There are 2 protein chains.
Amino acid sequence: MNKPENITIDTIAEKAGTSKMTVSRVINNHPYVKSETRSKILNLIKKFKYHPNLTAVNLSRQSPQTIALVIQYEHLFTTYYFIEILQGIEKIVDECSYNLVILNVTSQEEDAVERITSWYFGKFVKGFLVLAPPENSVLVKKMREADVPFVLIGASRGFKGSSFVDVENYTGAYKAAKYLIDLGHKHIGFIAGPPERGDAREREAGFRQALADKKIPISENLVVCGHYKEDLGYQAMLHLLIQPTRPTAVFAANDLMAKGALMAVKESNLQVPKDISLVGFDDIDIAAHLVPPLTTVKQPMFRLGTEAASFLIEQNPEENKPLHLVLPTELIIRESSVRIWHFQK
Amino acid sequence: MNKPENITIDTIAEKAGTSKMTVSRVINNHPYVKSETRSKILNLIKKFKYHPNLTAVNLSRQSPQTIALVIQYEHLFTTYYFIEILQGIEKIVDECSYNLVILNVTSQEEDAVERITSWYFGKFVKGFLVLAPPENSVLVKKMREADVPFVLIGASRGFKGSSFVDVENYTGAYKAAKYLIDLGHKHIGFIAGPPERGDAREREAGFRQALADKKIPISENLVVCGHYKEDLGYQAMLHLLIQPTRPTAVFAANDLMAKGALMAVKESNLQVPKDISLVGFDDIDIAAHLVPPLTTVKQPMFRLGTEAASFLIEQNPEENKPLHLVLPTELIIRESSVRIWHFQK
DNA sequence: ACCCTTTATGATACCGGTAACATATTACTA
DNA sequence: TAGTAATATGTTACCGGTATCATAAAGGGT
């Protein structure tokens, strides 16, 4: 009753015989505190298991120490490299003594935007990171209209003027295709991602340009859409394998589809890379553990996270120059791709 | 300068010519407000795009309107039915005008518990929902020691005295195995989950008991561990298929492994259910879309979420009677399982 | 017309911190 | 040894709401 079991900064100050300002200074590592005072207070904090009330801190500071990551979980299993992005974000958040919350939205949800933005207008979070939204994302459109700070991760198109971090999809795909061509492949299949996504279209464009530059004609029956999904990658490869001129190499627009494609090849009693070279995109963690390990285009996912988070945290709301950052991709050559054998046609 | 562009409740009150208490009453739908006053204030709120400062609200109310869901993302892809659980949670959270944040922990992280619990001690959240922790979870152990409120989802063992919601793993597995036996199967393979998980052990126990009750001997080479992972389910099935007495039915302890197993069967030029009946566990959304659709044991996932969230939100910290809730599972019969054909041995 | 209940609104204190300024104590410098 | 700078601590106001209690106005019964 008299001790309502609620330890506040005043409790500690009283026990220590100081003012609460001194306690506050100790908590925030302010230099001007005598070391004996400091240790006395630290002991009391430990003894009474005192935790500052973050709500009060935020209210007082007038600026939240939290950012939010917005994810559409329905997409999670096609964008599942997101774990590495998350780790990048968390690194920065940690270093800056910020907090991270994850907000989930579903496409059916009518008033998702209100829910999301109220976290900002309610001064709970400083801004948002939005994970790989599609270009036609109503959510992003409305967030923009509502004028809340956000950084898009892995989505540069369709939101001119907004901040984003993205990777070189076009160049990456170009490099991969060129690599296959340089290995001697002439019949190269492509398993595309969903056409409504810009990254998917860029990957396809890169692929096409590489072939065009080498004067290799593209037969449209070797280009199949797999929507970034493993199952459809499997289907797509089955389709490619029954084409009149079977491809000697296949480039899948993401690793997940490459995985499905690999299954299909095995099921058809063919071998990668002996019969078919296979290349993916993303370099998700399982890529290296497939049999055979997958040649793929690596996205710098961790850095995608760090860059986006840093910008959002350090951003000054006054000078709102948007961030436009496109990171390079890298071709990782593993065992799923080889030079074409000469006795093959 | 004079208008610092910061709309607070005082701004609205001033414009409306009332005290801020009246504004507060309007916001919180308090009955005793004259309807014209109410509408005048509502208009001003809209006009000035006023949003209450949630931080101030929380501080004032002295009890946060937020709960946190703790997820170990590394496990996400084996517990990926979690989306339905999440939807259940969100339903309740919405109804109660609460907020939900998701906290991610990784197993490497040293001081995850401090990070997590500080959300509680800092009065940011009312408590935690922990998604399917393993029994030996250090995190849960420490959360308990720290005495923060939490409800475990899908983990009843190993944390006596703590609140949990779980499903009848044993009974579900028993039902599935009995079903296969009743279809005439005598050689039944089992692909087990990770033995360090209680749910996995219970499923195995249910399976074994069903066979024992029907006096069917269990040959240990038909029991393989697949750790709930798709790839290992694939491997496990390949193993089962080369056993001297090939099983006529296989029960996988989760759908993901069943999916892998299905792949293996197809790759071996056998058919489900003609050559092998296949049954899974969980009823994740893809189960119904496999070819053939998978017979499986359905977990009431949505309800798992609603029950856990309701309890945490409505829970009175005083009378801390823990919640011990075990929900029934249901056998969903689809096309991956059939009566054994008599001309089979 | 009077009293009582219901409705409608306001005044004040407080939630638990931090910012900004003031003050007191030492330390150093000339 | 005074004078200034650096260190150490305290005072006060405030962040933006809500709870509680007080007060005022309107309605209703006798």
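It should be emphasised that the depicted structure is a prediction, and the values quoted were computed from it without experimental measurement. Letters A, B, ... are given to chains in the order of the sequence lines, protein chains preceding strands, and every chain is numbered from 1.
Within the structure, every side-chain polar atom (N or O) of B/Ser24 is placed at least 4.0 Å from both OP1 and OP2 of D/dG17. Taking 4.0 angstrom as the limit, A/Tyr50 places a side-chain polar atom (N or O) nearer than this to OP1 or OP2 of C/dG17. Within the 4.0 Å cut-off from OP1 or OP2 of D/dG17, not a single side-chain nitrogen or oxygen of B/Ser60 is found. Contact between the side-chain N/O atoms of B/Thr37 and the OP1/OP2 oxygens of C/dT9 is found at a separation under 4.0 Å. Taking 4.0 angstrom as the limit, A/Tyr32 places a side-chain polar atom (N or O) nearer than this to OP1 or OP2 of D/dT7. The phosphate of D/dG10 has OP1 or OP2 within less than 4.0 Å of a side-chain N or O from A/Thr22. Residue B/Gln62 has no polar side-chain atom (N or O) positioned under 4.0 Å from OP1 or OP2 of D/dG17. Side-chain nitrogen and oxygen atoms of A/Thr8 include none within less than 4.0 Å of the OP1 or OP2 phosphate oxygen of C/dG16. Between A/Asn28 and C/dG17 there is no side-chain N or O to OP1 or OP2 distance below 4.0 Å.
Residue A/Lys20 is classed as a base contact, given a heavy-atom separation below 4.0 Å to a base. Across all strands, A/Thr18 comes closer than 4.0 Å only to sugar-phosphate atoms, never to a base (heavy-atom distances).
Atom CZ in A/Arg25 sits roughly 21 Å away from atom P in C/dG16 (whole-Å rounding). The distance between atom CD1 of B/Ile9 and atom P of D/dA19, rounded to the nearest whole Å, is 11 Å. Taking atom CG of B/Asp10 as the reference point, atom C1' of D/dG17 lies 9 Å away to the nearest angstrom. Remark: C1' of C/dG10 and CD of B/Glu14 are 16 Å apart, rounded to the nearest angstrom. Computed from coordinates, the A/Lys40 NZ to D/dA8 P distance equals 14 Å when rounded to whole Å. Atoms CE (B/Met21) and P (D/dG16) sit 17 Å apart, rounded to a whole Å. Regarding A/Asn53, its CG atom lies at a distance of 18 Å from the P atom of D/dC15, rounded to whole Å. Rounding to whole angstrom units, CG of residue A/Asn58 and P of D/dC15 are separated by 16 Å.
Residue B/Ala56 is the one, among A/Arg61 and B/Ala56, whose nearest nucleotide of DNA chain C lies closer to the 5' end (criterion: closest heavy atom). Between B/Lys34 and B/Leu59, the residue whose closest nucleotide on DNA chain C is further toward the 5' end is B/Lys34.
For the pair B/Asp111 (side chain) and B/Glu114 (backbone), a donor-acceptor distance under 3.5 Å is absent.
Below 30°, between 30° and 60°, or above 60°: for A/His51 and B/Phe121 the angle between ring planes is below 30°, a parallel geometry. In this structure, B/His324 and B/Phe164 have parallel ring planes: the angle between them is below the 30° cut-off, well short of the 60° mark.
B/Glu95 has a carboxylate O that lies under 4.0 Å from a charged side-chain N of B/Lys91, or vice versa, which qualifies the two as a salt bridge.
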Legend entry - Criterion side chain to side chain contact (heavy atoms under 4.5 Å, CB included) on A/Ser162 and A/Arg144, from CA distance to verdict: CA-CA 8 Å; A/Ser162 298; A/Arg144 215 161 131 184; 3.1 Å; yes
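A distance of 10.5 Å separates NZ of A/Lys321 from CG of A/Leu323, quoted to the nearest 0.5 Å.
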